[in-house]
Each structure stands twice: as structure tokens, then as C-alpha cells.
Student: 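Once you've had a glance at the structure underneath, I'll fire off some questions.
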Amino acid sequence: MKTFTEKVRAIVAKIPKGKSMTYKEVATKAGNPKAARAVGAIMRSNYNRDIPCHRVVKSDGSLGSYNRGGTLRKRELLKAEGTL
DNA sequence: TAGTTGACCGGAA
DNA sequence: ATTCCGGCCAACT
């Protein structure tokens with residue numbers, strides 16, 4: 001049983017190409033359905049190349065936010081991968 | 001140890 | 001449909 005952060009990182013890293021998960025989904029699979037906020041905070045502090053955080057979106061259907069460009073950058077990344 | 005912050009969610013006005 | 005408010009969790013100071 002690892003920490004919440006490790007679980008979240010592993011789950012996000014397991015997101016297949018062309019697919020997207022919501023922060024809530026990741027939080028739920030990580031063990032805390034209500035930790036969607038924490039997931040975002042973790043991504044913000046732990047965004048690596050092994051962790052496609054841009055594939056993680058909000059439950060409302062919006063993309064959410066992202067580093068270096070925010071939502072706009074995220075949208076471009078998703079479109080470039082085929083997740084869109 | 002306690003307080004503040006934030007890439008969120010859901011319900012209400 | 002949009003805007004406001006409260007709540008939950010982990011990380012940072």
C-alpha cells in the first residue's frame with residue numbers, strides 16, 4: 001500500500017493513448033473518491049514525462065488546467081495525440 | 001503542529 | 001446555461 005501520491009502517479013501513467021480520465025476517476029481508483037482536488041495538486045507538483053497529466057480532465061467535460069499555457073496547451077496536446 | 005493554498009466536485013440561486 | 005458557496009484531500013510554509 002503506497003501513498004496516495006504514488007497511486008495517482010501510477011494510474012495516470014497507465015492511461016492509454018487516445019483516452020482521458022477525470023480527476024475524480026483517478027482519485028476514485030487511487031482509493032479516495034473525494035480527493036479529486038488532491039490529485040490536481042499532486043500533478044502540479046509531480047508532472048513528469050511518464051505521467052501524461054494532460055490526459056486527465058475535469059468531470060464537467062472541461063480540460064481543466066495545465067502548466068505552461070493552461071487549458072489551451074492541454075487542448076493542443078490532446079488533439080495532437082488523438083484523445084480529442 | 002497548525003494554517004493556507006489549489007490543475008476539483010456537486011449542489012443551489 | 002452561468003455564477004456562487006461549501007466541502008474534501010494532499011502538499012507547502
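Letters A, B, ... mirror the listed sequences (proteins, then strands); counts begin at 1.
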Student: Identify, residue by residue, the members of residues 47-58 of chain A with a heavy atom below 4.0 Å from DNA chain B, and return them in order of residue number, or none.
Tutor: A/Tyr47, A/Cys53, A/Lys58

Student: Roughly how far, to the nearest 0.5 Å, is the NE2 atom of A/His54 from the CG atom of A/Leu78?
Tutor: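 Taking CG in A/Leu78 and NE2 in A/His54, the distance rounds to 6.0 Å.
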
Student: So which pairs with a foot in residues 5-14 of chain A pass side-chain hydrogen bond (donor to acceptor under 3.5 Å, both in side chains), sequence neighbours left out?
Tutor: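 Non-adjacent pairs meeting side-chain hydrogen bond (donor to acceptor under 3.5 Å, both in side chains): zero.
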
Student: Which residues pass the side-chain contact (heavy atoms from CB on, under 4.5 Å) test with A/Asp50, sequence neighbours left out?
Tutor: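 Listed in chain order: nothing, the list is empty.
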
Student: Can you tell me how far the SG atom of A/Cys53 sits from the CD1 atom of A/Ile42, to the nearest 0.5 Å?
Tutor: 12.0 Å

Student: With sequence neighbours left out, write down each residue that passes salt bridge (charged side-chain N to carboxylate O under 4.0 Å, His left out) with A/Glu81, or none if nothing qualifies.
Tutor: A/Arg55

Student: Would you be so kind as to tabulate the donor-acceptor pairs closer than 3.5 Å made by side chains of residues 65-74 of chain A, with sequence neighbours excluded?
Tutor:
unit_1, atom_1, unit_2, atom_2, d
A/Thr71, OG1, A/Gly64, O, 2.8
A/Lys74, NZ, A/Tyr23, OH, 3.4
A/Lys74, NZ, A/Val56, O, 2.3
A/Lys74, NZ, A/Leu63, O, 2.6

Student: Test of understanding: with side-chain contact (heavy atoms from CB on, under 4.5 Å), list the residues that count as partners of A/Lys34, not counting sequence neighbours.
Tutor: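 So A/Lys34 forms no side-chain contact (heavy atoms from CB on, under 4.5 Å) with any residue.
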
Student: Do any of residues 9-38 of chain A sit with a heavy atom less than 4.0 Å from DNA chain C, and if so which?
Tutor: A/Asn32, A/Lys34, A/Ala35, A/Arg37, A/Ala38

Student: With sequence neighbours left out, write down each residue that passes side-chain contact (heavy atoms from CB on, under 4.5 Å) with A/Thr22, or none if nothing qualifies.
Tutor: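 side-chain contact (heavy atoms from CB on, under 4.5 Å) list for A/Thr22, sorted by chain: A/Lys24, A/Glu25, A/Val57, A/Ser59.
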
Student: How far apart are the closest heavy atoms of A/Thr28 and A/Pro33, and which atoms are they?
Tutor: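 The pair with the smallest heavy-atom distance is OG1-CA, 3.6 Å.
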
Student: Going 5' to 3' along DNA chain C, which nucleotides are the first and last within contact of chain A (any atom under 4.0 Å from a heavy atom)?
Tutor: C/dG7 to C/dA11

Student: Taking only heavy atoms on the protein side, list every residue of residues 76-84 of chain A lying under 4.0 Å from any atom of DNA chain B, sorted numerically.
Tutor: none

Student: Under 4.0 Å from any heavy atom of chain A: name the first and the last nucleotide of DNA chain B that qualifies, 5' to 3'.
Tutor: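 Contact boundaries, 5' end first: B/dG6 to B/dG10.
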
Student: What residues form a side-chain contact (heavy atoms from CB on, under 4.5 Å) with A/Ala35, not counting sequence neighbours?
Tutor: A/Phe4, A/Ala27, A/Asn32, A/Ala38

Student: At what distance, to the nearest 0.5 angstrom, does OG1 of A/Thr83 lie from CE of A/Met21?
Tutor: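 Reported to 0.5 Å precision, the distance equals 13.0 Å.
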
